[in-house]
Protein chains: 2
Amino acid sequence: MARTTGSDGEKTEAAVREAAAGLIARYGYEAMSMRQLAAEVGVQAAALYRYFPTKEDLLFTLMREHMEGLTAAWEMARPTTADPEARLAAYVRNHIAFHIERRHSTHVSNMELRSLSHDRLTRILRMRTAYEKELRAILRDGTEAGVFSIEDTGLTAMALIQMMTGVIVWFRPGERLSVAEVTTTYLSMTMRLVGAKIEGAAAAYSAARPFGRSAAGV
Amino acid sequence: MARTTGSDGEKTEAAVREAAAGLIARYGYEAMSMRQLAAEVGVQAAALYRYFPTKEDLLFTLMREHMEGLTAAWEMARPTTADPEARLAAYVRNHIAFHIERRHSTHVSNMELRSLSHDRLTRILRMRTAYEKELRAILRDGTEAGVFSIEDTGLTAMALIQMMTGVIVWFRPGERLSVAEVTTTYLSMTMRLVGAKIEGAAAAYSAARPFGRSAAGV
DNA sequence: GTAATAATAAAACAAACGTTCAATTAATTC
DNA sequence: GAATTAATTGAACGTTTGTTTTATTATTAC
């Protein structure tokens, strides 16, 4: 056989991306074979090469789009206010919502960096650094304004990001806690961790913002 | 050739473990070939099978010994006092020290769980759960005693562990910060995160820290 | 309806994989 | 010093890997 009835390049490519993210998240990049991926999509392995020249190109595409999506989400969510607490709350909300929503690509982007070529690794890390820099700026501003008490901005930023991203390791939608509850708790922990001066600030923020991305699911 | 001069089973096995931890941490379990590992050790691939029947046995051994080591280290470090703050401080210190000291096997144990068979995965996860349970007990005791203010014990435990273990992602010995400095800062962050009631409690525990109080605001 | 193009299948490739086996030599035992 | 055991090599096995090539069919354009 050859071209199949109803076949469509765009649909196939999208199916490949989604299946790849799922398989790599579950089994790992090296462990996922192109034949396994093709079977998941419902095509032959050779068909994959119409969309991605190599396996690594596929991996890189997933990672690049993950980082572009994260950056874009933050640019949408970033508040205009200069208030460090409000900005930090927005950062936490956006980060958790995005990563829970895209668990698979988050796993891929965090665990499979070592499978990228040097150049591509550099490109992904540059995007990641730029994103983290936003958090450091918030922490620095807050410290200088006296609303946070932080010992080391860079170290605190890393600790916060590890803590927040770690949600995807144990969080499963539909279990004990909702996304909104998790986000609220993480927001409180974050505010205490950075020593936010105003007591109950976290609670105030979580009460005042029932919208936001998908945080309002309950 | 056959047996080489000065060859010793115990030494070779130790060399295999160490080289395997390093290679798996750097390239991943699936990406590391037995030939690559053998070359690192300085033997032929077939020689590895004298010590580990399969590649997965090797992985499992690394993980089991990592968890056994972590458990043993905590049993040594666990204080006899009932004071939740002292116990939490000891837990944080032990966790960070152990994971920085064993970066490679930590990477292996955290990233390669999916390559274990079902039974072995269960065994490793059981050990891990038991270790994490200790932290939850401390947090619960502290909350009941009124010295911590925590919203969700289980969630806080996961957040803390992710935060602490995340150190190995960015920490490199001999760079900007020493192990002692990192530990001190993480201890402060932890105490604030759990809402330790006694103001300055974190500072008290880190009284011996080698740098100033609000040193790095930049 | 016919020509052009897009999408896929089927088969094949060399390379690399984990693992096994027989042969061989070093160290140990008595 | 002969017999035994421990440690390792070198070659080979059957699979599986990512990828390429060629042929074939569905869809689109005119």
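A, B, ... follow the sequence lines: proteins, then strands. Residue 1 opens every chain.
Regarding A:Leu37, its CG atom lies at a distance of 10 Å from the P atom of D:dG18, rounded to whole Å. With rounding to whole Å, B:Arg35 atom CZ is found 13 Å from D:dA11 atom P. The interatomic distance linking B:Arg50 (CZ) with C:dA26 (P) rounds to 16 Å, in whole Å. Atom OH in A:Tyr49 sits about 11 Å away from atom P in D:dT17, given to the nearest Å. Between the OH atom of A:Tyr29 and the P atom of D:dT17 there is a distance of 13 Å, rounded to whole Å. The distance from atom CG of B:Leu48 to atom C1' of D:dT9 is 12 Å, rounded to the nearest whole Å. Summarising the geometry, the separation between CD on B:Gln36 and C1' on C:dC17 is reported as 12 Å, rounded to the nearest angstrom. If you measure from atom CE of A:Met34 to atom P of D:dT20, you get 10 Å, rounded to the nearest angstrom.
At least one side-chain nitrogen or oxygen of A:Ser33 sits closer than 4.0 Å to the OP1 or OP2 atom of D:dT17. Between B:Thr12 and D:dT8 there is a side-chain polar atom (N or O) within less than 4.0 angstrom of OP1 or OP2. Taking only side-chain nitrogens and oxygens, B:Gln44 never comes nearer than 4.0 Å to OP1 or OP2 of D:dT8.
Distance alone, capped at 3.5 Å, places no donor-acceptor pair between the B:Lys133 side chain and the B:Arg128 backbone.
When all heavy atoms are compared, the tightest approach of A:Tyr186 to A:Met163 is CE2-O, 3.4 Å. A:Phe148 and A:Leu88 make their closest contact through CZ-CD2, 3.7 Å (heavy atoms, listed as atom of the first residue, atom of the second, distance). Of all heavy-atom pairs spanning B:Asn94 and B:Ala77, the tightest one is OD1-CB, 3.8 Å.
Considering only side-chain atoms of B:Tyr51, the nucleotide from D:dT19, D:dA7, C:dA9 that sits closest is D:dA7. With C:dG18, D:dT20, D:dG10 as the choices, the nucleotide that has an atom nearest any side-chain atom of A:Ala46 turns out to be D:dT20.
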